[in-house]
Protein chains: 2
Amino acid sequence: MRTLKHPKAGEIELTRVLYALSDPVRLDVVRQLAHEGTCTCAALDHGRPKSSMSHHFRVLRDSGVVLTRTDGPAHMNELRRDELDRLFPGLLDSVLTVKETAKT
Amino acid sequence: MRTLKHPKAGEIELTRVLYALSDPVRLDVVRQLAHEGTCTCAALDHGRPKSSMSHHFRVLRDSGVVLTRTDGPAHMNELRRDELDRLFPGLLDSVLTVKETAKT
DNA sequence: TCGATAGTTCGATAATATTCGAATAAACGA
DNA sequence: TCGTTTATTCGAATATTATCGAACTATCGA
């Protein structure tokens, strides 16, 4: 559990970010993080098994979408908003904005 | 070959669009379409086998990213820009903008 | 109606992902 | 140091994708 790997800003790849966001569960997590700021993993599973969520968090982490800090036994997650906005301006905004006319 | 299925605007799902864009080959196709307007499939394979490209075009079509019209024996492809912009404002722009600081 | 052209579909293989229970690890307080 | 809490890792089953050759289909012009 020690060190959780995160890509540096310069290593973040658009296609991987898009892939990470292309899953409904992960997109949901991202939206909640955007809305609530920082959350533990447990706060974001919706009754799903921990191991499944851990997988999704890893995809989000590895792609550079989410930053996970260790805080005691818990892991605090947050969006890497500033970095993503700098790299891919408008991307996160467009994904976080839910249009009534559009399907998730 | 007859009728190529396309989702109506109201049926386009964000996660599927993101998935379609998350592949380097497809992202490339999308960028070229954005740049050149309308292209045949053949004009966009970069030496790749037809069957592979056909697969990618289908993903792009099924997700609602690309519209394919039949024009003689050829298929003309174009981005469904207006519809996508309406559904997911800013998404396409952000994906089409290549920042020097960011990896594809 | 016979090519020639442009893509699709089929089928098989290899590579990746997803899911989730069970085992493991890390951090902290008593 | 022993639980308790929180999350990761392992392992195995299942599912989904990507890739590409070969066969097929559609369209058009000669």
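Quick note on labels: first sequence line is chain A, next is B, and so on, each numbered from 1.
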>> Does either side chain, that of A:Q32 or that of A:H46, offer a donor lying less than 3.5 Å from an acceptor on the other one?
In response: yes
> Got a donor-acceptor contact below 3.5 angstrom from the A:T97 side chain to the A:D93 backbone?
Replying inline: yes
>> If you only use heavy atoms from C-beta on, which nucleotide in D:dT9, D:dT19, C:dG7 is closest to the side chain of B:H75?
In response: C:dG7
> Are B:T40 and C:dG7 close enough that a side-chain N or O sits under 4.0 Å from OP1 or OP2?
Replying inline: yes
> Looking at A:H56, does any N or O in its side chain come under 4.0 Å of the phosphate oxygens OP1/OP2 on C:dT19?
Replying inline: yes
>> In this structure, how many angstroms lie between the P atom of C:dA17 and the CG atom of A:D62, rounded?
In response: 10 Å
>> What is the distance, to the nearest angstrom, from the CG atom on A:D45 to the C1' atom on D:dT5?
In response: 14 Å
>> Less than 4.0 angstrom between a side-chain N/O of B:R48 and OP1 or OP2 of D:dA18, yes or no?
In response: no
> Between C:dT19, C:dG21, D:dC20, which nucleotide gets closest to the side-chain atoms of B:S51?
Replying inline: D:dC20
> Does a side-chain N or O from B:S52 land closer than 4.0 Å to OP1 or OP2 of D:dT19, or not?
Replying inline: no
>> Whole angstroms only, please: what is the CZ-C1' distance between A:R26 and C:dT18?
In response: 9 Å
> Between D:dA18, C:dT8, D:dA7, which nucleotide has the shortest distance from any of its atoms to the side chain of A:C41?
Replying inline: D:dA7
>> Can you measure B:R16 atom CZ to D:dT16 atom C1' for me and round it to whole angstrom units?
In response: 13 Å
> Does C:dG7 have OP1 or OP2 sitting under 4.0 Å from an N or O in the side chain of B:R58?
Replying inline: no
>> Any side-chain N or O of A:Y19 below 4.0 angstrom from OP1/OP2 of C:dT18?
In response: yes
> Under 6.0 Å from the CZ atom of B:R31, do we count more than 12 heavy atoms belonging to anything else shown?
Replying inline: yes
>> If I take atom CE in residue A:M53 and atom P in nucleotide D:dT9, what distance separates them, rounded to the nearest angstrom?
In response: 15 Å
>> Please check: side-chain N/O of B:S63 versus main-chain N/O of B:V59, any donor-acceptor pairing under 3.5 Å?
In response: yes
>> Test your reading of the model: is there a side-chain donor-acceptor pair from A:N77 to the backbone of A:C39, 3.5 Å cut-off?
In response: yes
> Nearest to the side chain of B:P73, which nucleotide is it out of D:dC28, D:dT6, C:dT19?
Replying inline: D:dC28
>> Measure CG/B:L60 against C1'/D:dA18 and give the value in whole Å, please.
In response: 14 Å
> Which nucleotide, D:dA18, D:dT8, C:dT19, lies nearest any side-chain atom of A:L4?
Replying inline: D:dT8
>> Just the rounded figure in Å: distance from P of D:dT27 to CE of B:M76.
In response: 17 Å
>> Quick check: on DNA chain C, is the nucleotide nearest A:H55 upstream (toward 5') of the one nearest B:A42, or the reverse? Name the residue that is more 5'.
In response: B:A42
>> By nearest atom, which of the nucleotides D:dT6, D:dA18, D:dT9 is closest to the A:S54 side chain?
In response: D:dT9
> Is A:R26 atom CZ crowded by more than 12 heavy atoms from other residues, nucleotides or ligands, each under 6.0 Å away?
Replying inline: yes
> Please give, in whole Å, the distance from C:dA6 P to B:L44 CG?
Replying inline: 14 Å
